[in-house]
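What's counted below: heavy atoms across the whole structure, side chains too, no hydrogens, waters or symmetry copies. Counting starts at 1 for both ligands and their atoms, in listed order.
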Amino acid sequence: MRVLITGGSGFVGQRLCRRLDEAGHRLLVVSRDPEAVKGRLPEGATIRRSVLDFVDTPPEAIVNLAGESIAARRWSDEQKNRLIESRVNITRDLVILCEQLKASADRAPRVMVSGSAMGYYGDQGDREVTEETPPRDEFAHRLCKRWEDTAREAADFGTRVVLLRIGLVLDAGGGSLQKMLPPFKLGLGGRFGSGKQFMPWVHREDLVQAILFLLDSDELEGPFNASAPHPVTNAEFSRTLAKQLGRPAFFPVPAFVLETVFGEMSRLLLTGAAMRPRRLQEAGFQFRFETLEAALADILG
Ligand SMILES: NC(=O)c1ccc[n+]([C@@H]2O[C@H](COP(=O)([O-])OP(=O)(O)OC[C@H]3O[C@@H](n4cnc5c(N)ncnc54)[C@H](OP(=O)(O)O)[C@@H]3O)[C@@H](O)[C@H]2O)c1
């Protein structure tokens, strides 16, 4: 089938595009700079600048992953707007595409899997968090809620909408792990603040397989937590990573240091949610990497 992907050039998107291509799907990728990202995508992918450039090539499915990196820079008011608008604007274009395709040929895409994040729930302490857990109102929640609410509008045109609340994506060659590795490899790693905050995580391959599963499961819609069944605290994460690398993890970073350096963005490091993928598991999705030990052994092994 024809699958339109936003953010296809990103850390998750590149692996997703590869898997979709291997499965024989036709790729339609939206990128701000088609020429620059061509080399990161399978040959034969059609890359265009805007979602609405694909009106003449109606996709049957959409995966929406584009957005300014949440940890790119301190969260000034301007940066908060950029984080919101880089997601909401492209998602709104996707809804307009669904509307136009529905109106012109009654061919709205069958399904849209749209990104969101663990931040939807805000800081939840150590309580177990499922898709039913009421969120805590803070910036990350408001960002994800606006992103999700915009995506949900595609349902008005008969498109099945799935919202993916993604945990920390782990793999080699990108994402947060790439940033964490240098200090840990030098034996200078350690927990952040108390280390009690939860860090739901997911192996990139499992995330991509979950997206393929949700694209194919006609009866599934609404929010899905996309993180491994066994979330860990930040202290456990640090210990496991250090052990995997054969290094000590003796160097905790005090909360006030992170707060001073990163401002409000330090909440990404100092707060969290013990998110469980309840709906994915109830639907029968099998994670290949259920524990952090198994995921890191695969990635670093
Ligand atoms: N990685 C994680 O740990 C994680 C965790 C939770 C949620 N998520 C969410 O999952 C999605 C995919 O994650 P990822 O790690 O693959 O992201 P990524 O590598 O940062 O890639 C996202 C893509 O979005 C596009 N983009 C970047 N800045 C943009 C801007 N200002 N305006 C419009 N488009 C922009 C870029 O595509 P072009 O340059 O081709 O336009 C980029 O390749 C993201 O939306 C992210 O928020 C990721």
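Arg87 and Thr150 share no donor-acceptor pair across their side chains, judged by distance under 3.5 Å alone.
Geometric assessment of Lys145 against the ring of Tyr120 yields a negative cation-pi assignment under the 6.0 Å and 45° thresholds. Judged by a 6.0 Å distance limit and a 45° cone about the ring axis, Arg204 is positioned over the six-membered ring of Phe11.
Between Glu148 and Arg165, at least one side-chain nitrogen of the basic residue sits less than 4.0 Å from a carboxylate oxygen of the acidic one, meeting the salt-bridge criterion. A salt bridge links Asp171 with Arg15: at least one charged nitrogen is closer than 4.0 Å to a carboxylate oxygen. Under the 4.0 Å criterion applied to side-chain N and carboxylate O atoms, Arg110 and Asp218 are assigned as salt-bridge partners.
For a threshold of 3.5 Å applied to N or O pairs, the pair formed by Met118 and ligand 1 contains no separation below that value. For Ser116, no nitrogen or oxygen atom sits less than 3.5 Å from a nitrogen or oxygen atom of ligand 1, counting backbone and side chain alike. Checked by distance only, ligand 1 and Ser69 stay at 3.5 Å or farther apart across all their nitrogen or oxygen atoms. Residue Ser9 has at least one N or O atom closer than 3.5 Å to an N or O atom of ligand 1.
At the top of the distance list for atom 5 (C) of ligand 1, counting protein heavy atoms only, stands Gly167 O, 3.2 Å. If you check which protein heavy atom lies closest to atom 13 (O) of ligand 1, you get Val12 CG2, 3.9 Å. Nearest protein heavy-atom contact of atom 33 (C) of ligand 1 is Arg32 CD, 3.7 Å. Among protein heavy atoms, atom 4 (C) of ligand 1 sits closest to Val169 CG2, 3.7 Å. Nearest protein heavy-atom neighbour of atom 19 (O) of ligand 1: Phe11 N, 2.9 Å. Ranking protein heavy atoms by distance to atom 45 (O) of ligand 1, first place goes to Leu65 O, 2.9 Å. From the protein, the heavy atom lying nearest to atom 25 (C) of ligand 1 is Gly67 N, 3.9 Å. Nearest to atom 6 (C) of ligand 1 among the protein's heavy atoms is Ile166 O, 3.3 Å.
Note: Phe237 and Trp201 fail the aromatic proximity criterion, with ring centroids not under 6.0 Å apart. Taking the six-membered ring where the residue is Trp, the centroids of Phe285 and Phe287 are separated by under 6.0 Å.
Here the side chain of Arg278 pairs no donor or acceptor atom with the backbone of Glu131 at under 3.5 angstrom.
For ligand 1, the atoms lying closer than 4.0 Å to a non-hydrogen atom of Ala117 are 6 (C), 7 (C).
Under 4.0 Å from ligand 1, the heavy atoms of Trp147 that appear belong solely to its side chain. By the criterion of a heavy-atom distance under 4.0 Å, the side chain of Arg87, and not its backbone, is placed next to ligand 1.
As a member of the Ile/Leu/Val/Met/Phe/Trp/Tyr network built from side-chain separations under 4.5 Å, Val95 groups with Phe157.
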